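What follows is a single structure, written as structure tokens, with notes after it.
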Amino acid sequence: MSLKVYNSLTRKKEVFEAINAPYVGMYVCGPTVSGESHLGHARPFITFDVVYRYLMHLGYKVRYVRNITDAGHFEEEGREAEDKISTKAILEKLEPMELVQKYTNLYHWAMAKFNNLPPSIEPTATGHIVEQIEMIKKIITDGYAYEANGSVYFNVEKYNTDFSKKGMPYGMLSGRVLDDQIDSTRDLDNQEEKRNKSDFALWKNAPPEHIMRWQSPWGEGFPGWHIECSAMSTKYLGEEFDIHGGGMDLQFPHHECEIAQSTVCNHKTPARYWLHNNMITINGKKMGKSYNNVIKLSELFEGTHPILEQAYHPMTVRFFILQSHYRGTLDFSNEALQASEKALRRLWEAYEWLGKQEINAAVTASDKVQDEKVRQLIGEFDEFMNDDLNTAKVLANMFELSSVINSIKDKHIKADAISGATLQLLQQQLKLYIEDIFGLTGERTADDGKLDGVLQLLIDIRKEAKQRKDFVTSDKIRNELASLGVQLKDEKDGGVSYSIQ
RNA sequence: GGUCCUGUGGCCGAGUGGCUAGGCAGAGCUCUGCAAAAGCUUCUACAGCGGUUCGAAUCCGCUCGGGACCUCCA
């Protein structure tokens, strides 16, 4: 049983084979830190965090590189060269790097909230200007780029002509044919510098108002849109690495250009497997700046966006994302998030309860059918993950297992129906998948046990009240706690547990 | 206009030629002082029209609807 992933490059599910097992190199396009990340951005980072975790679980030694784009890119090509970061910096009266630092910090804060593991290397574009310039020089030397007025452009047509012969045409990833595109490319101003509309910038001459600028062989300027990823992936992962990930909207032109640049320099397609996650939509529309429908992560966690009916815990969002397949769109709504919130709580409580049970491994199953069913549901975790990381199916199985766990808890299923060995396996596999691979964590806030002590005291007082049929007191405790977000649950065996919202 | 994806029950979502997805919501029952929680049972599905097939939600065609990319974008 081996891992299969959908490779955008071949448009097929393929068996994953590492180039240099057990080592795996994975590059994922990170954020542009000119603003705060929004819900849509959360998806690739959570998706590839799970990929990272799963690969490690499979025994690979993964070098996970995720860049930070902190060198400004154009708002719009052509018009007065406006650098996104420097423009905003002027508005906010901040130094560009101060702004970049602020949003980088916010981004890291959100990643930590989501319990995403930090990547092995998180290189910045501004920290790799030298590498980018070197790469551009090489592309010029090889004849695939030209200089014009202090800017450097990639010659797409020449590349396409030469590399089509080698079976690597420009557009191989996105399925575009260059000839079709030339006509369909938008008519932009100030295109005279380019020989062809489809050419893209490797280096841009910086106009005087541009704050972020570096010295280069072509004068003062800043790197083009795509070169940083080629330069940094080559530097840290080599000329050919295993996985390249990112959002589907980056497939063209970003990844296509990346392939072209790297292929000229290294004579091979940079990554073997290209994985693309789909978009998060809101009312069926992609969440994005241009649609003016973004929910920033801080707004999501605090419930401060007008669309939001409440705040959503980062784990709710993580769970929500894992409940769908990464290649499908996922539609945001309050109802959907609220459903995820409840579902996650149910799953977690069953998981937590089982984890606390002392299991006698010597017990044999009195209900072979039930035992077998549980074993099968557990066994399918790997199977589903290996089938292009189907986290949704794994979660579905977990819910079926939760029913079994709750039935044991409520004694609807006999304690010895399932063997000790199976229950131990269940404990172990749930922990592995819920915590280690899916990266979910308990919502309970850490405290030093004082809160628990207080609650246990209240539970005792309520119990005594109930015994003398003083329901006014017992209900008061229950209801007051409920309004504070602490829910008491009377268990079958007379015990009382609680959950905190 | 070009390239491509998609249409599943009240909502979110798996699935993909014959076998229950799952979650949330709704209904009934069990438990309970009453609730909640939990368990059990249950109701709404595969856009429409044709075709292929013993059999299609699943394959093919058409129609209608939604969306993405072609420009920064996760």
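Since this is a predicted model, take the numbers as computed values, not measurements. Chain naming here is simple, since letters A, B, ... match the order of the sequence lines and numbering starts at 1 in each.
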[N] pairs with, by Watson-Crick or G-U criteria that keep both distances under 3.5 Å:
N	answer
rU52(B)	none
rA38(B)	rU30(B)
rG1(B)	rC70(B)
rA25(B)	none
rC64(B)	rG7(B)

[atom1] atoms of [N] and [M], separation to the nearest Å:
N	M	atom1	result
rC69(B)	rG22(B)	P	34 Å
rU63(B)	rC54(B)	C1'	29 Å
rG23(B)	rG61(B)	C1'	36 Å
rC29(B)	rC43(B)	C1'	15 Å
rG48(B)	rC64(B)	P	16 Å
rU44(B)	rC49(B)	C1'	24 Å
rA27(B)	rG17(B)	C1'	34 Å
rG13(B)	rU8(B)	P	9 Å

Applying a 4.0 Å non-hydrogen cut-off, can you work out what [X] is touching in the nucleic acid: base, sugar-phosphate, or nothing?
X	answer
K342(A)	sugar-phosphate
M287(A)	base
E400(A)	sugar-phosphate
H276(A)	nothing
S403(A)	sugar-phosphate
F319(A)	nothing
I280(A)	base
G175(A)	sugar-phosphate
N479(A)	nothing

Could you check which of [options] has an atom nearest any side-chain atom of [X]?
X	options	answer
A392(A)	rC69(B), rC34(B), rA14(B)	rA14(B)
H325(A)	rA68(B), rA74(B), rG15(B)	rG15(B)
K285(A)	rG15(B), rA74(B), rG67(B)	rG67(B)
Y291(A)	rA68(B), rG22(B), rA37(B)	rA68(B)
N406(A)	rA74(B), rG23(B), rG39(B)	rG39(B)
A396(A)	rG22(B), rG33(B), rC70(B)	rG22(B)
S324(A)	rG13(B), rG39(B), rC69(B)	rG13(B)
F399(A)	rC11(B), rA74(B), rG22(B)	rG22(B)
E335(A)	rG10(B), rG39(B), rG67(B)	rG10(B)
A339(A)	rC11(B), rG33(B), rC24(B)	rC24(B)

Check your understanding: If you measure from the ring centre of F45(A) to the centre of the six-membered ring in the base of rA74(B), is it under 5.5 Å, with the planes under 30° apart?
Key -> no
Test your reading of the model: is there a side-chain donor-acceptor pair from [X] to the backbone of [Y], 3.5 Å cut-off?
X	Y	value
D331(A)	G284(A)	yes
E122(A)	P119(A)	no
N160(A)	Y170(A)	yes

**Study point:** Partner of H254(A) under ring pair (Phe, Tyr, Trp, His ring centres under 6.0 Å), chosen from H226(A), H276(A), H244(A)
**Key:** H226(A)
Point to revise | Cation-pi, F45(A) ring and R66(A) (6.0 angstrom, 45 degrees) | key: yes
Is there a side-chain contact between [X] and the phosphate of [N], meaning an N or O under 4.0 Å from OP1 or OP2?
X	N	result
R11(A)	rC4(B)	no
R176(A)	rG2(B)	no
K411(A)	rA38(B)	no
R345(A)	rA38(B)	no
H41(A)	rA74(B)	yes

Does [X] make a side-chain donor-acceptor contact with the base of [N], cut-off 3.5 Å?
X	N	value
R478(A)	rC34(B)	yes
N390(A)	rA14(B)	no
D475(A)	rG33(B)	yes

Practice item. Identify, between G247(A) and D387(A), the residue whose nearest nucleotide on RNA chain B lies closer to the 5' end. Key: D387(A)
Review point. When the nearest nucleotide of RNA chain B is assigned to Q338(A) and to C29(A) on a heavy-atom basis, which residue is associated with the more 5' position?
Key: Q338(A)
Between atom [atom1] in [X] and atom [atom2] in [N], what is the gap in whole Å?
X	N	atom1	atom2	value
H412(A)	rC40(B)	NE2	P	8 Å
L337(A)	rG13(B)	CG	C1'	13 Å
K476(A)	rA36(B)	NZ	P	23 Å
L344(A)	rG13(B)	CG	P	17 Å
R346(A)	rG23(B)	CZ	C1'	8 Å
E383(A)	rG15(B)	CD	C1'	13 Å

Point to revise | The single option from D367(A), N406(A), I408(A), I405(A) passing side-chain contact (heavy atoms from CB on, under 4.5 Å) against I413(A) | key: I408(A)
Exercise for review: Give the intermediate values and the outcome of ring-ring contact (aromatic ring centres under 6.0 Å, His included) for residues F319(A) and W348(A).
Suggested key: CA-CA 11 Å; F319(A) 178 85; W348(A) 191 267; over 10 Å; no
Point to revise | Cationic N near anionic O, under 4.0 Å, K489(A) to E349(A) | key: yes
Practice item. Show your reasoning for whether side chain to side chain contact (heavy atoms under 4.5 Å, CB included) applies to D387(A) and K13(A). Key: CA-CA 8 Å; D387(A) 184 16; K13(A) 264 187 215 172; 2.8 Å; yes
Point to revise | Distance-only donor-acceptor check, side chains S151(A) and N205(A), under 3.5 Å | key: no
